[in-house]
Protein chains: 2
Amino acid sequence: MGAVAFHDALLHERDPGSGVLTDVATRLGSMDPARDLELAAKLGIRFVVPGDPEWPRQLEDLAAGGEVQGRGGPPLGLWAKGPLRLDRLLGSLAVVGSRSATTYGADVAASIGAGVARAGVPVVSGAAFGIDQAAHRGALAVDGATVAVLACGVDRAYPAAHRSLLDHLAGHGLVVSELPPGSAPTRLRFLARNRLIAALTRGTVVVEAAARSGALNTANWAGRLNRVVMGVPGPVTSAPSQGVHQLVRTGAATLVTSPEDVLELVGVSGVHLVEEPRGPERPRDRLSLRHQQVLDAVPVGQPVHADSISRTAGLSLSDTGNALVRLRALGLVDADGDGWRLAALAHR
Amino acid sequence: MGAVAFHDALLHERDPGSGVLTDVATRLGSMDPARDLELAAKLGIRFVVPGDPEWPRQLEDLAAGGEVQGRGGPPLGLWAKGPLRLDRLLGSLAVVGSRSATTYGADVAASIGAGVARAGVPVVSGAAFGIDQAAHRGALAVDGATVAVLACGVDRAYPAAHRSLLDHLAGHGLVVSELPPGSAPTRLRFLARNRLIAALTRGTVVVEAAARSGALNTANWAGRLNRVVMGVPGPVTSAPSQGVHQLVRTGAATLVTSPEDVLELVGVSGVHLVEEPRGPERPRDRLSLRHQQVLDAVPVGQPVHADSISRTAGLSLSDTGNALVRLRALGLVDADGDGWRLAALAHR
């Protein structure tokens, strides 16, 4: 089995520096690879390594991504549990944000999760409370593909309250970690995990993130890996939106407001095209300037005579008269013996 | 009197095309210039023309700004009422937005109006309900300079409910129009008025604007005149924020969340500098990676021995021991006979 050999090789090739490599290699060193893989297999967990058909090759971008405080580089392999294949994640979307999300943020995250999943784009997130959970919930609601990337072993539930969510993801989507089963989550592992979320996906949407949110770390990785970084705005009075606003303000993220916006940025080019919001076209939009001037001078209520309209419009009586006839033909003004007034069509 | 001669000359120089020039010149033509100016003076209204010391020369940018549907070009002159001088508006800020603002939008507009006015930046807006009114209210609350630019004569109150607001502005700030006293507001005049708001100011902030808001027209003018265009985000679920989000998403506007953000963009360079929001620095931020790894492995509750911490951290016992001693010196971990655990400082 290739994974066993690879796993074994790693034990003899420790990263001399400190960091994730050391961290992982050391942990691997405490285990018996063949036994570990056997044990993992019994739990339905597979170890996917570079070269496997399922290996998500976009992770190789991490090799060029540089390191931050010794964290970085591609993972040695990924422990995965669930029916979804890792190589399905090439065009996937990360939806990340605060654990302490507002109901607004959670609703938007669920809506984006559902919208992109419905369009066939897998959702990738962590397994935390708040935005992570809402993003998975949205994708699951439309039977979409969704993936949790953990900072602990995929056999562990962190937070414990998300045991059933993680079980569901392992049953229908995918739970992934670079850490072997049994590993506990630590702060550094969360930061290292964030690079995987950014690297696995084509883009990262930050839904709510206060000034020091881990989601901003994920966004930072996404930017450095040339992924699309997006941010959902919120009220400027809402602390959980502050970090997102900062990303957008500084140009680090593009503002998005809907799944359509997101798909336009991460979707297969030309497949997802967002329609620019515009007001409905009104009959008056296509009028010449002179006709608009006259129309503006026609009253809504009591009808008036053309000379009064001509004075208000600042146009000659003959120009005004010609315009009124044309406007009546368009159904925009009405005339009777008392004079002219706006038709219902013109002042909806 | 220069204004009389200028005014008179205009009467004999009608714009051959249709548009604002025709509109204004025609209306002027219906009046007796000397009598009009005398009448205006009695109402405390002055007519300021190019060449006057008070003339806001930034309006000349409109000459190069092109025309939209025949609207555009610098105004022939400005009718002004109030103690504020027009030439004070060189570094001013336009705050514009929906008439149908939410309380959120109105609060933010008032806060921006107050914040920039307090910093000495005059506020310029229309006189509509919603954002316009809130922006003036904010500036007035801090005794700041604020200006309403109207689409009718400065002697008229439109909307009528804002009679006392306009009186107050005429008494303490300024009410301005390119239309002579007595002119009625029309749709086209609102669009023409928007170009003046954009041109008079150094930048325009759009606070709330639905997809077809006049505020977007002002923002468009501001962009074409190379003014700073800014947008205040809101919930993506709020229709009045939709137009602003579109401006920011397409790069037409920069996202701003506070008066400080605005001042940074329109203020005299270097005077207003926004402080990037960041979380408070924590004691652990300056630790080496190895020390962080060890700290992450130290439990919050029950103390554990160093060898257990060493296994969790994936580091040798001697490295772990050295790190623990250092962490204790920093007050981040405590030790007693039962082992090591986090100090209160480390897990705020």
S.K.: Measuring only between side-chain heavy atoms, which start at C-beta, is V236(B) closer than 4.5 Å to S258(A)?
M.R.: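 Contact flag for V236(B)/S258(A) side chains = no.
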S.K.: From T186(A) OG1 over to Q293(B) CD, what is the distance, rounded to the nearest 0.5 angstrom?
M.R.: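 Rounded to the nearest 0.5 Å, the OG1-CD separation comes out at 8.0 Å.
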S.K.: Measure from the side-chain N and O atoms of Y104(A) to the backbone N and O of T237(B), and report whether any donor-acceptor pair falls under 3.5 Å.
M.R.: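 No.
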S.K.: Working to the nearest 0.5 angstrom, can you tell me the gap between L191(A) CG and Q292(B) CD?
M.R.: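 If I round to the nearest 0.5 Å, the distance is 8.0 Å.
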S.K.: Among residues at least two apart in sequence or on other chains, which ones pass side chain to side chain donor-acceptor pair (under 3.5 Å) with T257(B)?
M.R.: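 Counting only residues at least two positions away or on another chain, T257(B) forms a side chain to side chain donor-acceptor pair (under 3.5 Å) with D261(B).
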S.K.: Restricting to non-hydrogen atoms, name the atom on L188(B) and the atom on D296(A) that form the minimum distance, rounded to 0.1 Å.
M.R.: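 Closest pair (atom of L188(B), atom of D296(A), distance): N-OD2, 3.0 Å.
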S.K.: Within a strict 4.5 Å, meaning less than it, do heavy atoms of the R249(B) and E264(A) side chains meet?
M.R.: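 Yes, their side chains come closer than 4.5 Å.
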S.K.: For D319(B), what residues pass the salt bridge (Lys or Arg N to Asp or Glu O under 4.0 Å) criterion, not counting sequence neighbours?
M.R.: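 Applying salt bridge (Lys or Arg N to Asp or Glu O under 4.0 Å) to D319(B) gives R290(B).
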